[in-house]
Amino acid sequence: MTTDNKQRLLDLRYLRMARIWAENSYCQRRQVGALVVKDKMIISDGYNGTPSGFENVCEDDNNVTKPYVLHAEANAITKLARSSNNSDGSTLYVTAAPCIECAKLIIQSGIKRVVYGEKYRFEDGINLLRRADIEVLYLNPEENETE
């Protein structure tokens, strides 16, 4: 098995794990999960939801996402700030394409690779990551055979 094939299998596994992690989200409209991996170790995780100490309700009465809901990537990156780990050179696995706000956090955190599993109608986050020379890979686990 080539190094590229091994990396692809790892990417698919971590992306499936991020999908499972997304199940922790209380959001009704969309559940998103993220893992930060460095040297084959998960150093942080996150899912979309409200800030710590807030009620676990992401949408208002009109089913619109509340403005203070954090994205999975933001939760995973900010969790690193409270740990002894750092994300320099790591890979972020996220179930949905990062938005532009999360892309800025990804760039500033030193993450060098992003693997995502669902495309989004806006690609400004993906374009910003590429502009910052971050490797970006779309990989849908359902389109790939499982090992």
Does [Y] offer a backbone N or O that forms a donor-acceptor pair with the side chain of [X] under 3.5 Å?
X     : Y     : answer
Thr50 : Glu55 : yes
Asn75 : Tyr47 : yes
Ser87 : Ser90 : no
Asn62 : Val64 : no
Asn48 : Ser25 : no
Thr95 : Arg19 : no

Do [X] and [Y] share a hydrophobic cluster, counting only Ile, Leu, Val, Met, Phe, Trp and Tyr and linking them when any side-chain heavy atoms are less than 4.5 Å apart?
X      : Y     : result
Ile107 : Leu92 : yes
Phe122 : Val32 : no
Leu105 : Ile43 : yes
Tyr14  : Trp21 : no
Met17  : Val94 : no

Measure across [X] and [Y] and return the closest heavy-atom pair with its distance rounded to 0.1 Å.
X     : Y      : result
Ala22 : Gly33  : CB-N, 3.3 Å
Glu73 : Cys102 : OE1-SG, 3.7 Å
Cys58 : Gly49  : SG-CA, 4.0 Å

Exercise for the section: Check step by step if side-chain contact (heavy atoms from CB on, under 4.5 Å) holds for Ile77 and Ile111. Expected result: CA-CA 9 Å; Ile77 290 168; Ile111 291 170; 4.1 Å; yes
Are the side chains of [X] and [Y] in touch, meaning some heavy atoms are under 4.5 Å apart?
X      : Y      : value
Ile126 : Tyr138 : no
Tyr68  : Pro51  : yes
Pro98  : Val114 : yes
Gln7   : Leu10  : yes
Lys104 : Leu128 : yes
Ser109 : Leu80  : no
Val57  : Lys66  : yes

Handout entry: Working for side-chain contact (heavy atoms from CB on, under 4.5 Å), residues Arg29 and Glu59
Key = CA-CA 8 Å; Arg29 291 183 60 218; Glu59 295 84 13; 3.7 Å; yes
Roughly how far, to the nearest 0.5 Å, is the [atom2] atom of [Y] from the [atom1] atom of [X]?
X      : Y      : atom1 : atom2 : value
Tyr93  : Arg13  : OH    : CZ    : 11.0 Å
Glu118 : Leu15  : CD    : CG    : 9.0 Å
Thr91  : Ile134 : OG1   : CD1   : 10.5 Å

Enumerate donor-acceptor pairs with a distance under 3.5 Å from any side-chain N or O in residues 34-42 to protein atoms, sequence neighbours excluded.
unit_1: Lys38; atom_1: NZ; unit_2: Asn86; atom_2: O; d: 3.2
unit_1: Lys38; atom_1: NZ; unit_2: Asn86; atom_2: OD1; d: 3.1
unit_1: Lys38; atom_1: NZ; unit_2: Asp88; atom_2: O; d: 3.3

Practice task
Please indicate whether Gln108 has more than 12 foreign heavy atoms, meaning atoms of other residues, nucleotides or ligands, lying under 6.0 Å from its CD.
Solution key: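 Atom CD in Gln108 is not packed in, count stays at 12 or less.
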Problem - Contacts of Leu137 that satisfy side chain to side chain contact (heavy atoms under 4.5 Å, CB included) - sequence neighbours left out - result: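 With sequence neighbours excluded, Leu137 shows a side chain to side chain contact (heavy atoms under 4.5 Å, CB included) to Asp11, Arg113, Val115, Leu139, given in chain and number order.
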